[in-house]
Colleague: 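Take this structure first; my questions come after.
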Amino acid sequence: MNSAHASFFILLTAALCSCGSRDVPHGGVEGLIPHPRSLELEGGACFFEGRLTVAWPPAWDAEREVVRAWCNKAGLETVDAVAMAEPPQVDLAFIADPAVQGEEAYVLEVDRTGVRIRASSAAGFFRAWTTLRKMMPVECEAGGCGAGFSLPGCTIEDEPMLAHRGLLLDGCRHFQDIGFVKQQVELLALHGMNVLHWHLTEDQGWRLDIPSRPALARVGAWRTEADGSRHGGFYSAEEVREVVAHAAARHIEVIPEIEMPGHSSAALAAYPELGCTGDSLEVPHRWGVFKDIYCAGNEETFRFLEEVVDEVVELFPGPRVHIGGDEAPKVRWSSCARCQRRMKEEGLANEEELQRWFIGRMGRYLASKGKTIIGWDEILEGGLPDGAAVQSWRGMGGAAEAVHLGADVVVSPTSHCYLDYPLRSTDLEEAYAFDPLPDSLNHGPGRIIGGEGNMWTEHAPQELVESKVYPRLTALAEVYWSGRERTGGPEAFGDFLERLDHFYPRLDALGVAYGLESPPFALETRPSEGNGIEVEVAALGRGVEGRGTWIPEQRSVVDSIASAVPFRVMDAGVVRMEVGRRGQWTGQMVEFPVDGHAAAFAPLELGYTPSPWYTGGGDFALVDGKRGTEDFRDGAWQATQGGDMVATVDLGLPADIGVLSVGVYLYQDAWIFLPESVLWEGSVDGEDWSTLAFMAPGLVLNRDDRQQRFELKATVRTGAPAVRYVRMTVRNGGACPDWHAAAGSASWVFLDEFVVREKSDDRP
Ligand code: ACM
Ligand code: ZN
């Protein structure tokens, strides 16, 4: 400490803070997430009155308002120390200290004289304040500190591992109102994060008002859903400035993402002349990747994008703009005379190089406005545009390549960082296990500057977003701030969970609709004595309760997870479980369709190898009694890409078969088609076979955006002989048809269960 600060320090020693025990809310360090680099508890506590004297950092106007507003909400009055005539009796002192090095570094001390925060930057002071806020009693978040509070004596030295710690928020697939966006900024600040990556343009909606291009807001911001309803919205300049200022006061950079050259259907719906074909199109309501993208051969495209950029640089003062660059199919460019002419003029060998040229040109325009660009890892494909940073999402391969090429890199791979993915794919523990700085990536002239959690909103209207983002982003916040030193050990996740239990009440106080940590339940099926199958439901998640009914009968089958007993199922239905959490029923339902049919757990032989991504649970998935849901990734579906699926089941004894069925899935955008036909044959000895039933559902050869399951069900003709073996042959429909984005590629067929019902079952 140099002498100037030493003299200030002397003034602080007469602060109001006092010893002893009093009946006020007590703060603590138990809920600190991210965990500081170094934390020493010194013993003892400091008691504060409901009136805090504060010596503020210089030039900290917007931040001071944030802190004051929080204190006022907590019931605390803040009094500026400088306004006091006597030597200041300071409870909270922010002390500029150049010895504390690092853009966001700080030292925070609490002792019987009060709180001292030292930092060399405004950002460091703010991060320290955030830590202090999380040490203050949770009652403060809801106005409960007016009578004072206590803090434990401690010394914290802290600094983030990564400079860029963010959330990608997709405001396009579903629009979020400005109040919600500001709440997410506030939550980023609470997590010590410093980037809101705001995804503002997409196929399904353009969200930024550009006054010189009014059709973007009038046309591009709105879509008609499949059910005829309208969805959309856009942000005015004033609203954007409000978000940006809200973020700036919390030392959060807002990085706008303006997608190019793909994911641009909404812009093309507003200005069709910017596409290669010039054809008019609608703002799509389907999800996926679309082949109409900005024409790279048309100067008007660049005039348009430059006008957009001109507005963007006005609204977003930060140094960086994200230009997307992902998932841009090149089919239109391949057959566009203007794009081909451009490639010839510019000496570009292929369409990937044309994309690099496109992004490079816009990158230079942005550079002329003082901005650098970030793009998704696809921008590596035609060669990295000069000066571009790369955001790696398709695993960490793009990160490795970009580091090697000398670029700055942000990591957010689908394996750990996709907050829109279901918990079954990425649970809290998986997110916490992410290593953003693997040793293998630290060998190049470039460097990994940070990471994000990505919240895409195809399947998340605003009211569901927080349930997907939190608490997984809470885990990523610690991953990016604290690094593997903290998150990597064998005890680390348990330690995080303990702190998380202290952190949840703060999220509760802020009204955050956070979700679960893992899938709440697992349903197991087993062979039963006699007919049908045995079913058991267990809780997977911490603190999860459950109660369940059997639909359609509404029979209670699980009273409580703690005392759940197996129950028998002899027919088709659904176990509907309600999620309870920390002593409260949430109303959230999880459904498990099951079927105790005649072939359940009978020996099964497959004439194909299921895809390793869609095994349905293993080789016996087709007879495990678990049916698939409307979500083809639910783990119950078994699939193959190309080829027929032949399965034979042995019922043990000859039986009169009444009904045969199989669940299939249709989702053309994911290359999943109905089978061409299903043939069921029966045999007494496994050698001679006769047809029991046949159906040809008819391939859906037209564009069809339904995503749904179908039951292909056939009644066996009367008089058919009793059989011991049943063989099902499901014929793949062949390649994706000509109109399809993947025309010519092998299509997928998904099956959930090989259902056999005996005649005596007496059911339709
Ligand atoms: C992405 O998820 N398409 C970046
Ligand atoms: Zn073109």
Side-chain angles (χ1 to χ4, degrees), residues 166-173 197-204 255 257-265 267-268 271-279 281 287-305 322-346 348 350-351 353-355 357-359 361 374-381 389-399 402 409-421 425-426 451-460 468 669-670:
L167 167 70
L168 173 143
L169 181 62
D170 169 10
C172 299
R173 270 54 173 266
H197 170 175
W198 202 7
H199 186 77
L200 289 167
T201 75
E202 247 311 330
D203 294 308
Q204 296 86 1
I255 301 180
E257 181 175 352
I258 309 297
E259 278 263 18
M260 60 189 80
H263 286 293
S264 45
S265 303
L268 298 183
Y271 296 101
E273 64 273 23
L274 304 180
C276 288
T277 66
D279 293 344
L281 49 137
W287 314 125
V289 172
F290 296 84
K291 56 189 167 210
D292 285 295
I293 67 176
Y294 294 119
C295 177
N298 184 355
E299 278 307 297
E300 182 55 25
T301 293
F302 296 94
R303 266 195 292 281
F304 167 83
L305 286 173
H322 203 300
I323 49 71
D326 61 321
E327 299 178 322
K330 306 300 187 301
V331 296
R332 291 293 191 226
W333 286 3
S334 309
S335 55
C336 169
R338 286 181 299 193
C339 286
Q340 294 301 311
R341 182 164 0 105
R342 177 83 75 191
M343 282 166 58
K344 205 171 281 162
E345 283 166 9
E346 299 293 335
L348 305 170
N350 52 41
E351 285 76 16
E353 290 190 12
L354 181 57
Q355 168 152 335
W357 175 87
F358 189 117
I359 288 172
R361 175 167 169 174
I374 308 182
W376 297 107
D377 54 44
E378 283 94 333
I379 68 168
L380 290 159
E381 280 165 11
V390 173
Q391 182 161 6
S392 187
W393 70 281
R394 299 174 301 175
M396 296 287 271
V409 178
V410 174
V411 291
S412 58
T414 52
S415 56
H416 296 79
C417 306
Y418 269 50
L419 305 173
D420 57 321
Y421 282 18
S425 310
T426 307
E452 294 181 5
N454 293 356
M455 183 58 221
W456 301 105
T457 57
E458 283 95 331
H459 307 290
K468 292 170 182 281
D669 288 352

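Note that ligands are numbered from 1 as they come in the structure, with each ligand's atoms numbered from 1 the same way. Numbers here simply count residues along the sequence, with the first being 1.
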Colleague: Would Trp376 and His197 count as a ring-ring contact (aromatic ring centres under 6.0 Å, His included) here? Give the steps.
Modeller: CA-CA 12 Å; Trp376 297 107; His197 170 175; 5.7 Å; yes
Colleague: State whether Arg332 and Glu351 are salt-bridged, where the test is any N-O pair (Lys NZ or Arg NE/NH1/NH2 against Asp/Glu carboxylate O) under 4.0 Å.
Modeller: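 Salt bridge absent between Arg332 and Glu351.
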Colleague: Using 0.5 Å steps for rounding, measure from the CG atom of Leu274 to the CG atom of Asp292.
Modeller: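 Atom-to-atom, Leu274:CG and Asp292:CG are 12.0 Å apart.
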Colleague: Can you list the atoms of ligand 1 that are under 4.0 Å from a heavy atom of Glu327?
Modeller: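 With Glu327 as reference, the close atoms of ligand 1 come out as 3 (N).
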Colleague: Give me the ring orientation class for Phe304 and Tyr294: parallel if the planes are under 30° apart, tilted from 30 to 60°, perpendicular past 60°.
Modeller: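 Tilted, since the angle between the ring planes falls between 30° and 60°.
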Colleague: Could you grab the angle centred on the Zn ion (ligand 2), going from SG in Cys339 to SG in Cys295, to 10°?
Modeller: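 Rounded to 10°, it measures 110°.
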Colleague: Starting from atom 3 (N) of ligand 1, what is the nearest protein heavy atom, named by residue and atom, and what distance separates them?
Modeller: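 Result for atom 3 (N) of ligand 1: Asp326 OD2, 2.6 Å.
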Colleague: State the atoms of ligand 1, each with its element, that fall below the 4.0 Å cut-off from a heavy-atom position in Trp456.
Modeller: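 Reading through ligand 1 atom by atom, the close ones are 1 (C), 2 (O), 4 (C).
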Colleague: Is a donor on one side and an acceptor on the other found under 3.5 Å between the side chain of Asp420 and the backbone of Met455?
Modeller: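 Absent.
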Colleague: Give the numbers and elements of all ligand 1 atoms closer than 4.0 Å to a heavy atom of Tyr418.
Modeller: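 Those atoms are 1 (C), 2 (O), 4 (C).
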